[in-house]
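Residue numbers start from 1 in every chain, and the chains themselves are labelled A, B, ... in the order their sequence lines are given, proteins ahead of strands.
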Protein chains: 2
Amino acid sequence: MDKSLSESLLQQLKESFFSGELLPGTELVSQRRMSESKGLSRSTVREAIGQLEAEGYVEVRHGGKTRVKNLLEPYFNMPIEGVSALGDNVDFQRQVMDVRAMLEGEAAFYAATRATDAQLQALDAEYQRMQKRGQGETTLEKAKDDLRFHMMIAESSHHLLIICFSQLFYTRFFNAIYGVLTRTLQKYGRYPDGIRSQHGAIHQAIMAREAENARTAATEHILYTRRHLDE
Amino acid sequence: MDKSLSESLLQQLKESFFSGELLPGTELVSQRRMSESKGLSRSTVREAIGQLEAEGYVEVRHGGKTRVKNLLEPYFNMPIEGVSALGDNVDFQRQVMDVRAMLEGEAAFYAATRATDAQLQALDAEYQRMQKRGQGETTLEKAKDDLRFHMMIAESSHHLLIICFSQLFYTRFFNAIYGVLTRTLQKYGRYPDGIRSQHGAIHQAIMAREAENARTAATEHILYTRRHLDE
DNA sequence: ACTGCTAACTGGTCTGACCAAGTGGCACGG
DNA sequence: CCGTGCCACTTGGTCAGACCAGTTAGCAGT
């Protein structure tokens with residue numbers, strides 16, 4: 001097993017966390033002391049600790065001690081490494097919404113054209129269910145409902161590539177999408193009215209099999225939400 | 001805004017990443033050169049690049065260059081096997097063209113809005129070069145020219161997700177795209193006239209920074225080719 | 001007991017050196 | 001002519017030791 005020194009130190013430290021040797025809240029020994037005890041240079045130790053910090057295992061403050069964070073934390077905001085960090089980036093959120101606008105417009109277009117009657121019926125049922133609930137839900141549940149609705153549309157498009165990409169996109173970038181909703185709610189205190197009526201417009205256009213209208217409504221729906229990021 | 005040097009360098013690099021200045025697949029300058037140009041020590045540069053790596057933005061190999069990663073790549077392992085076989089499947093070709101129509105429309109839209117002057121100039125040069133050659137090329141070379149032209153547009157969009165998706169899409173489904181061209185040539189014996197003028201329209205709209213026209217022209221261009229697959 | 005200074009920590013950055021792993025060019029031999 | 005292998009050069013990885021910059025604990029003076 002050939003690894004770089006800093007890498008194997010990193011792994012060694014992680015194992016100490018998982019074994020319970022280093023409990024959350026405790027303090028790491030200083031970089032100098034660790035470099036002595038491990039027989040490595042301080043640069044190498046810093047490299048490893050820097051990675052630990054980036055992955056959310058420890059919290060390091062200039063001048064203060066380095067503290068071990070709660071072990072479960074990294075798992076909550078890390079459905080997929082790296083991308084999670086992007087969830088809070090407004091620029092990235094904007095980009096995600098741009099792609100959603102494009103993707104869902106196309107999906108709605110093809111759904112209006114090619115959905116089976118059974119799919120239309122299922123879509124209608126899901127829409128009615130969404131309308132009925134509405135109020136008493138958490139932000140997270142709303143986000144999930146929203147994605148489920150849009151994913152049903154994508155599936156109704158009968159377009160392999162669009163379905164594949166939608167699936168991938170919604171699962172991987174759920175954090176960013178959820179972040180947009182959270183940010184919007186923080187700013188307005190509630191679900192913007194537009195969204196409800198826009199969902200209605202999409203639903204209606206697909207039901208009536210009006211492809212162009214469906215595309216326009218779906219695109220406009222996402223861009224409406226996106227605009228709230230700009231203010 | 002008080003930040004550590006490595007942290008602000010990290011942020012600066014991320015911004016270059018999102019702005020399209022650092023495209024996926026390109027190589028970072030070496031740590032030594034970067035430390036010179038930024039007026040920082042190599043340690044600090046290493047710190048920042050280490051974070052970038054931990055967050056999945058770049059891939060660094062001992063002894064080799066550091067490459068910017070395509071952030072969609074890990075998730076793009078769709079029905080890869082048999083994709084080459086699918087290259088001849090008309091239904092699949094149609095789907096690929098549908099997605100191209102969507103993708104290139106958006107790319108052209110954002111390129112018209114956000115391309116730098118240098119990018120416009122490069123795009124213009126590439127367009128002129130395409131016009132000059134034209135005749136004496138093989139089908140394969142034409143397909144490559146076409147994709148290079150469209151890829152330049154995608155890169156000029158400064159839209160990270162669109163760039164990533166385009167890169168992967170064009171490489172993975174090149175066979176299908178090439179297949180469409182081959183099929184068209186077999187049927188008509190030559191490059192349809194429409195394509196030449198359509199490239200011209202796209203080129204002109206982007207140069208004039210007319211975003212909506214660029215989108216329409218690019219979409220129509222792909223759908224025109226797609227229509228040749230029908231009947 | 002409170003206050004405020006200071007000294008001894010902590011992490012952050014710098015320098016310049018050397019090691020180790022890829023890369024590319026060039027001369028040699030087929 | 002092409003392939004092959006060597007070698008110099010570039011890249012990232014590690015090291016040592018120094019100094020800067022926040023943090024903190026303890027001690028002195030009130």
Seminar exercise, completed: Per atom distances to the B/S30 side chain, the nearest of C/dT10, D/dG12, D/dT14 is D/dG12
For this session: Scan B/E104, B/Q198, B/R100 and name whichever one has a side chain to side chain donor-acceptor pair (under 3.5 Å) with B/H221.
Result: B/Q198
Exercise. Nearest-Å distance, CZ (A/R42) to P (D/dG17)?
Worked result: 13 Å
Problem set entry | Protein-nucleotide distance (B/E7, atom CD; C/dT13, atom C1'), rounded to Å | 14 Å
Problem set entry | Candidates C/dC14, D/dG12, C/dG12 - which lies nearest the side chain of A/H62 | C/dG12
For this session: For the residue pair A/K38 and A/V45, establish whether any side-chain heavy-atom pair is separated by less than 4.5 Å.
Result: no
Problem set entry | Side-chain N or O of A/T44 closer than 4.0 Å to phosphate OP1/OP2 of D/dG13 | no
Seminar exercise, completed: Of A/L40 and B/G64, the one whose nearest nucleotide on DNA chain D sits closer to the 5' end is B/G64
For this session: Measure the distance from CD on B/E27 to P on D/dT10 and round it to the nearest whole Å.
Result: 15 Å
Seminar exercise, completed: A/S43 has its side chain closest, among C/dG11, D/dA16, D/dT14, to D/dA16
Exercise. A/K65 NZ to C/dG12 P: how many Å, rounded?
Worked result: 15 Å
Problem set entry | Whole angstrom value for the distance that separates C1' of C/dC14 from NZ of B/K38 | 18 Å
Exercise. Do B/R32 and C/dG16 share a donor-acceptor pair, side chain to base, under 3.5 Å?
Worked result: no
Seminar exercise, completed: Here the distance between atom P of D/dT14 and atom CD of A/E47, to the nearest Å, is 6 Å
Exercise. Under 3.5 Å, is there an N or O donor on one side and an acceptor on the other linking the side chain of A/R61 and the base of C/dG12?
Worked result: no
Seminar exercise, completed: Among D/dG13, C/dG12, D/dT14, the one nearest any side-chain atom of A/V60 is C/dG12
For this session: Assign A/I49 to base, sugar-phosphate, or nothing according to its heavy-atom contacts below 4.0 angstrom with the strands shown.
Result: nothing
Exercise. Under 4.0 Å between a side-chain N/O of A/T66 and OP1 or OP2 of C/dT10, yes or no?
Worked result: no
Problem set entry | Side-chain touch A/H159/B/Q95, heavy atoms, less than 4.5 angstrom | yes
For this session: Round to a whole Å and report the spacing from CG of B/L10 to P of C/dG12.
Result: 14 Å
Exercise. When the ring planes of B/F165 and A/F165 are compared, do they come out parallel, tilted or perpendicular, using 30° and 60° as the limits?
Worked result: parallel
Problem set entry | Short side-chain N/O contact from A/R33 to OP1 or OP2 of C/dC9, under 4.0 Å | no
Problem set entry | Value in whole Å for how far the P atom of D/dT11 lies from CG of B/L28 | 12 Å
Problem set entry | Below 4.0 Å: OP1/OP2 of D/dG13 and any side-chain N or O of B/R46 | yes
For this session: Over 60° means perpendicular and under 30° means parallel, so classify the ring planes of B/H228 and B/Y224, tilted if in between.
Result: perpendicular
